[in-house]
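Heads up: the structure comes next, in structure tokens.
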Amino acid sequence: MAGKDITREDALSRLDHKHACHILLYADSRAKLFGKIPIKHIVLMQMRFDGLLGFPGGLVKPSEESLEAGLCRELQEELGVAVPVTIDHYVSSHLAQSPPHLILHFYCKKITEAELLEIERAAVSNAVDHGLEVMGLTRVPLYTLRNGGGLPWFLSHSFISNSRAQLLEALRRLDLVSPQTLEEAVQKAEEMRCTVKTEPQ
Ligand SMILES: O=c1[nH]cnc2c1ncn2[C@H]1C[C@H](O)[C@@H](COP(=O)(O)OP(=O)(O)O)O1
Ligand SMILES: [Mn+2]
Ligand SMILES: [Mn+2]
Ligand SMILES: [Mn+2]
């Protein structure tokens with residue numbers, strides 16, 4: 001996605017801009033798909049009201065609340081639980097090219113598998129936005145099956161704003177997927193996206 005990364009300080013100096021904060025919550029897992037494919041890590045995303053994939057979070061007004069307080073508020077609305085987020089979980093700020101004057105702050109936080117399960121449970125029963133702004137939470141498959149299923153097919157879906165780039169950057173930075181697996185998955189997803197486009201209308 002076009003646009004450019006800027007510093008947190010630069011971002012916060014732009015009071016005439018809109019600010020949004022989103023977070024990648026993840027946990028280690030010993031689970032195995034079909035009893036043999038190690039899951040290794042669980043990464044949470046959400047299916048939004050507009051049919052696009054994105055991370056939990058939302059618009060924050062720095063003049064009224066800190067970025068982290070605003071993100072915590074959004075997580076309460078969208079996940080139905082209080083997820084403590086501090087500046088320690090802050091990763092980056094991105095000045096979007098379009099729409100203009102929108103800055104996207106990104107966070108990552110490692111939690112336990114039990115905490116992540118509790119979030120998934122609470123989202124359905126407690127989140128005010130469940131079934132409205134948030135159609136539901138999803139886990140990101142981090143493995144690649146022989147037929148290309150898993151991460152490649154997930155990456156071939158449509159994502160909001162720069163959330164796909166945020167996901168890829170986080171998977172690299174946190175070493176949740178090997179560089180080779182990630183590269184291959186991105187490549188396969190590209191091929192699939194092209195295939196879908198060429199199908200007869
Ligand atoms: O996951 C995301 N990563 C980067 N940018 C995102 C993500 N989700 C949305 N956005 C962009 C595009 C949206 O218009 C704004 C506001 O976010 P949103 O979550 O839709 O806002 P509310 O929850 O409605 O407050 O950020
Ligand atoms: Mn909001
Ligand atoms: Mn929201
Ligand atoms: Mn949101």
Side-chain angles (χ1 to χ4, degrees), residues 1-8 10-12 14-26 41-83 85 87 89-111 116 119-120 122-124 126-142 151 154-174 176 186 189:
M1 178 189 176
K4 62 175 183 174
D5 282 352
I6 57 175
T7 66
R8 178 190 174 99
D10 179 0
L12 290 174
R14 299 175 188 239
L15 297 180
D16 60 340
H17 284 47
K18 274 185 156 184
H19 293 254
C21 297
H22 294 87
I23 190 165
L24 181 152
L25 295 168
Y26 70 103
H41 310 284
I42 304 169
V43 170
L44 275 187
M45 292 194 80
Q46 66 184 24
M47 177 51 74
R48 297 162 38 92
F49 65 94
D50 51 16
L52 298 177
L53 290 165
F55 289 104
L59 290 170
V60 175
K61 283 193 181 145
S63 56
E64 295 173 10
E65 57 190 343
S66 72
L67 295 177
E68 288 74 32
L71 178 52
C72 287
R73 172 184 51 72
E74 282 288 337
L75 296 181
Q76 183 65 50
E77 294 166 5
E78 299 191 358
L79 302 179
V81 287
V83 179
V85 175
I87 196 167
H89 306 117
Y90 169 81
V91 171
S92 60
S93 299
H94 185 86
L95 176 62
Q97 184 174 42
S98 147
H101 301 109
L102 174 63
I103 297 173
L104 306 163
H105 306 279
F106 188 51
Y107 293 73
C108 287
K109 180 176 186 181
K110 186 171 187 177
I111 56 180
L116 192 141
I119 287 173
E120 291 177 317
V124 175
N126 303 350
V128 290
D129 286 348
H130 177 70
L132 300 169
E133 272 186 44
V134 180
M135 290 289 114
L137 294 182
T138 182
R139 296 182 177 194
V140 179
L142 301 180
L151 188 54
F154 187 86
L155 293 176
S156 70
H157 294 307
S158 299
F159 291 72
I160 184 78
S161 192
N162 71 331
S163 60
R164 188 175 186 269
Q166 289 172 332
L167 172 65
L168 293 175
E169 180 52 30
L171 294 180
R172 281 188 196 97
R173 178 196 295 257
L174 300 168
L176 299 182
V186 169

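Atoms within each ligand, like the ligands themselves, are counted from 1 in listed order.
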About how many Å separate [atom2] of [Y] and [atom1] of [X], when rounded to the nearest 0.5 Å?
| X | Y | atom1 | atom2 | value |
| --- | --- | --- | --- | --- |
| His41 | Leu116 | NE2 | CG | 13.0 Å |
| Ile6 | His17 | CD1 | NE2 | 7.0 Å |
| Leu151 | Leu168 | CG | CG | 7.5 Å |
| Arg48 | Ser158 | CZ | OG | 12.5 Å |
| His22 | Gln166 | NE2 | CD | 8.0 Å |

request  = Give me the ring orientation class for His105 and Tyr90: parallel if the planes are under 30° apart, tilted from 30 to 60°, perpendicular past 60°.
outcome  =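 The rings of His105 and Tyr90 sit tilted, inter-plane angle from 30° to 60°.
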ask   = Angle class for the Phe55/Phe106 ring planes (parallel below 30°, perpendicular above 60°, tilted otherwise)?
value =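 Rings of Phe55 and Phe106: tilted, 30 to 60°.
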ask   = Relative to the Mn ion (ligand 4), which of the N, O or S atoms in Glu78 is the closest?
value =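 Minimum-distance N/O/S atom of Glu78 relative to the Mn ion (ligand 4) is OE2.
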request  = Give a yes or no on whether Asp129 keeps an N, O or S atom under 2.8 Å from the Mn ion (ligand 4).
outcome  = no
query = Can you list, by chain and residue number, every protein residue with a non-hydrogen atom closer than 4.0 Å to ligand 1?
reply = Ala20, His22, Arg48, Gly54, Phe55, Gly57, Gly58, Leu59, Glu74, Glu78, Leu104, Glu133, Ile160, Ser161, Asn162, Ser163, Gln166
message = Strictly distance-based, threshold 3.5 Å: is any side-chain N or O of Glu78 a donor or acceptor partner for the main-chain N or O of Gly57?
response =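 Looks like yes, one N/O pair under 3.5 Å.
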ask   = Is Glu77 salt-bridged to Arg73, going by a charged N under 4.0 Å from an acidic O?
value =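 Yes.
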message = Tell me whether Glu68 is salt-bridged to Arg8, with the criterion being a basic N under 4.0 Å from an acidic carboxylate O.
response =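 Counted as a salt bridge, because a side-chain N and a carboxylate O are separated by less than 4.0 Å.
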note = Protein-side N, O or S atoms sitting under 2.8 Å from the Mn ion (ligand 2) are Glu74 OE2
